[in-house]
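One structure below.
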Amino acid sequence: MSSSSTPVEEISKIREALVKGFASGKTKNVQYRKEQLIHLGYLLHENRDRFVETLATDLGRPTLEADFLEINGTISEVQEAYKNVEKWSKPESPPFTLNWFFMRPKIRREPKGVVLIIGPFNFPLWCLLGPLAGAIAAGNTVALKPSEMSSATADLIAELIPKYLDPEVVSVVKGGIPQTSKLIEYPWGHICYTGSQRVAKIIGTAAAQSLTPVTFELGGKSPVIVDKSADLKLAARRILWGKCANAGQICVAPDYLLVLREVEEPFIKELRAVYNSYFGANPAKSDSLSRIISPQHAARIKKLVDETKGNIITGGEVDVDQRYVAPTIVRDVANDDSLMSEEIFGPVLPIIPVDSVDEAIKFINSRDHPLVLYIFAQDRKVKEKVFASTNSGGAVANDVVLHPAAAGLPFGGVGASGSGYTTGKWGFNTFTHFRATLDVPGWLDKIALSHRFPPYTDKKLADLKKVVSYKLPPRPGTHAVTASKRRWGLWTLLALLAAVGALLKKRLGSS
Ligand code: NAD
């Protein structure tokens with residue numbers, strides 16, 4: 001729990017200040033948004049070392065992981081928003097159509113208003129201040145609710161935000177269930193929630209009462225297929241890193257492996273070799289391994305490991321008080337094993353052998369859509385088959401964990417792993433209302449628009465039908481399709497002949 005939570009009775013005042021801030025109109029000014037984004041960038045830059053420290057306190061996070069996986073990524077989000085906010089917020093004209101052109105149709109990008117961002121413990125900066133960059137760029141005022149579990153980082157965020165940002169634009173509410181429960185009683189322009197599926201249902205139910213739109217950034221069990229065509233050394237190296245970074249507490253960590261039986265033995269041999277090179281004989285002494293967020297979470301993982309019917313081939317030790325879980329590889333895991341019952345969210349890697357890629361695809365498709373699906377294969381056809389026959393938030397071949405940081409790509413889940421997106425332009429769009437506008441000149445009534453007015457007559461109806469006409473394409477498989485294809489073929493031929501004719505004429509004319 002945070003050292004000092006925001007008193008629940010103060011939440012309405014915090015919200016009122018944000019409502020006032022939005023009503024003042026200052027966030028409609030793109031230059032003002034850019035100023036706030038610069039301040040946010042400097043908040044992160046000037047306090048890097050302090051964030052490295054809080055991440056070490058909360059999660060035992062090694063500096064390299066704090067820098068590489070979290071702080072850099074968050075600064076990149078701020079930078080991208082800063083660089084593009086003018087372009088992203090420009091009104092856009094839809095494609096030209098004669099019927100609508102004179103009504104000056106435009107899509108205006110408007111802020112949604114006062115929005116709420118709720119963060120998880122495992123990436124307490126990236127999952128909170130990354131979406132914040134999108135929300136500020138889109139012109140909203142924002143209430144931030146960091147996770148009480150990563151309390152050192154939450155305290156630092158709460159200390160720094162009022163120093164760097166306009167308090168009428170961004171405010172922090174510290175605390176846990178009582179504070180979040182109060183926050184979600186209010187209507188918001190948008191709620192961006194990152195966390196577990198269980199709590200997402202609570203947030204969604206409350207948001208439905210005020211018809212507040214919600215983005216869900218959730219998790220689940222993200223599978224990895226290791227095909228027989230995979231580079232096994234590379235697969236072992238990348239998968240084990242992705243599973244153990246932040247002690248497995250990453251929403252896009254590989255959750256379990258489906259390994260083709262033919263390569264299971266050599267792959268496990270590679271995994272063992274990598275394991276030793278990463279963590280040595282005693283991983284508890286390694287300074288490259290984060291800790292589990294709390295003894296309760298460590299105890300949850302211990303139970304999953306204790307109850308597995310698979311064979312533990314490395315690791316298995318858990319020290320609940322020290323929040324330590326040894327990187328653990330478990331083979332011969334069955335579909336109904338304890339390790340397959342929930343998102344593991346710890347450095348425990350179950351291996352399920354499969355006879356074919358088709359079996360792996362069937363296995364994945366029988367479960368909820370994962371946040372991400374990984375395939376290790378060199379055979380292009382296998383990669384394409386896996387991508388084409390499954391559904392997931394993202395899909396990556398031959399690497400893990402990196403894709404949320406890839407510039408320009410949307411990051412989000414599908415089905416039970418979430419809905420909506422939070423990175424880059426996609427994050428900006430999440431917090432933006434696409435407002436359709438028309439500006440209709442009076443003279444249009446003289447041409448066509450007066451036909452809609454009573455008294456209705458047959459002539460008006462006939463005239464309207466001419467203006468608002470449509471033509472469906474022929475039904476598939478009917479004679480008309482064949483005929484229309486033939487017609488298109490004829491037209492293409494005629495156009496080609498005309499082009500060749502024109503070319504010849506030009507040539508002959510110039511010679
Ligand atoms: P959590 O759901 O326990 O907590 C998230 C937030 O909800 C916290 O701020 C917490 O205070 C609040 N909360 C907790 N219980 C609540 C309740 N009963 N009522 C109202 N609010 C409540 O999630 P967590 O354990 O912090 O995060 C881990 C989960 O988040 C994992 O499932 C992980 O996969 C997922 N995650 C997803 C992403 C993503 O971008 N898709 C990123 C990080 C984490």
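Counting convention: from 1, in listed order, for ligands and their atoms alike. Here the structure is a predicted model, which is why all the values come from computation and not from measurement. We count residues from 1, following the sequence as given.
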Between the side chains of [Y] and [X], is the shortest nitrogen-to-carboxylate-oxygen separation below 4.0 Å, so that they form an ion pair?
X: E92; Y: R109; answer: yes
X: R48; Y: D67; answer: yes
X: E342; Y: R198; answer: no

- Decide yes or no on side-chain hydrogen bond (donor to acceptor under 3.5 Å, both in side chains) for H190 and T215, but give the supporting numbers first. CA-CA 8 Å; H190 196 92; T215 294; 2.7 Å; yes
Mind checking whether [X] has a heavy atom under 4.0 Å from ligand 1?
X: W126; result: no
X: G418; result: no
X: S147; result: yes
X: F345; result: yes
X: K145; result: yes

- Message: Parallel, tilted or perpendicular, judged at 30° and 60°: which one describes the rings of F68 and W241?
- Response: tilted
- Message: In terms of relative ring orientation, are W126 and F411 parallel, tilted or perpendicular, with 30° and 60° separating the classes?
- Response: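 Judged by the thresholds at 30° and 60°, the geometry between W126 and F411 is tilted.
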Closest to [atom] among [options] (heavy-atom distance):
atom: atom 38 (C) of ligand 1; options: L144, T423, T194, I202; value: T194
atom: atom 5 (C) of ligand 1; options: F411, F123, Y193; value: Y193
atom: atom 21 (N) of ligand 1; options: L128, I118, N122, T180; value: T180
atom: atom 30 (O) of ligand 1; options: P120, A154, G195, A253; value: G195

Tell me which protein heavy atom sits closest to [atom], plus the residue, atom name and distance to 0.1 Å.
atom: atom 32 (O) of ligand 1; value: E343 OE1, 2.7 Å
atom: atom 41 (N) of ligand 1; value: L218 O, 2.7 Å
atom: atom 24 (P) of ligand 1; value: F121 CD2, 3.6 Å
atom: atom 23 (O) of ligand 1; value: S196 N, 3.4 Å
atom: atom 22 (C) of ligand 1; value: V199 CG1, 3.4 Å
atom: atom 36 (N) of ligand 1; value: C251 CB, 3.5 Å
atom: atom 9 (O) of ligand 1; value: G119 O, 2.8 Å
atom: atom 17 (C) of ligand 1; value: I177 CG1, 3.7 Å

- Taking the side chain as every heavy atom from C-beta outward, state whether L125 and I157 have any atom pair closer than 4.5 Å.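 Yes. Closest side-chain heavy atoms under 4.5 Å.
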- Item | Sole candidate of V330, V333, L271 that passes side chain to side chain contact (heavy atoms under 4.5 Å, CB included) when paired with I351 |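 The passing option is L271.
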- Item | Contacting atoms of ligand 1, where contact means under 4.0 angstrom from a heavy atom of G219 |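 Matching atoms, with element in brackets: 34 (O).
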- Pull out every atom of ligand 1 sitting under 4.0 Å from any heavy atom of C127, numbered as shown with elements.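 Counting from 1, the qualifying ligand atoms are 42 (C), 43 (C).
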- Task: Spell out, as yes or no, whether a donor-acceptor pair under 3.5 Å connects the side chain of R61 to the backbone of T54.
- Result: no
- Could you see which bit of Q249 sits under 4.0 Å from ligand 1, with heavy atoms only: side chain, backbone, both or neither? neither
- Message: One residue to check: E148. Relative to ligand 1, which of side chain, backbone, both or neither has a non-hydrogen atom less than 4.0 Å away?
- Response: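 It is the side chain that gets close, since no backbone atom is under 4.0 Å.
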- Taking side-chain contact (heavy atoms from CB on, under 4.5 Å) as the test, write out the residues that go with W426, two or more places apart.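 side-chain contact (heavy atoms from CB on, under 4.5 Å) check on W426 returns P410, Y421.
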- Does the N or O separation between L371 and ligand 1 drop below 3.5 Å for any pair?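 Between L371 and ligand 1, no N or O pair is found under 3.5 Å apart.
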- Report the residue from W88, Y82, F434 that forms a ring-ring contact (aromatic ring centres under 6.0 Å, His included) with F428. W88
- Message: If you count heavy atoms of other groups shown closer than 6.0 angstrom to NZ of K112, is the number above 12?
- Response: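 Yes, the 6.0 Å shell around NZ holds more than 12 heavy atoms from other groups.
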- Query: Do the two ring centres, one from F376 and one from F267, sit under 6.0 Å apart?
  - Reply: no
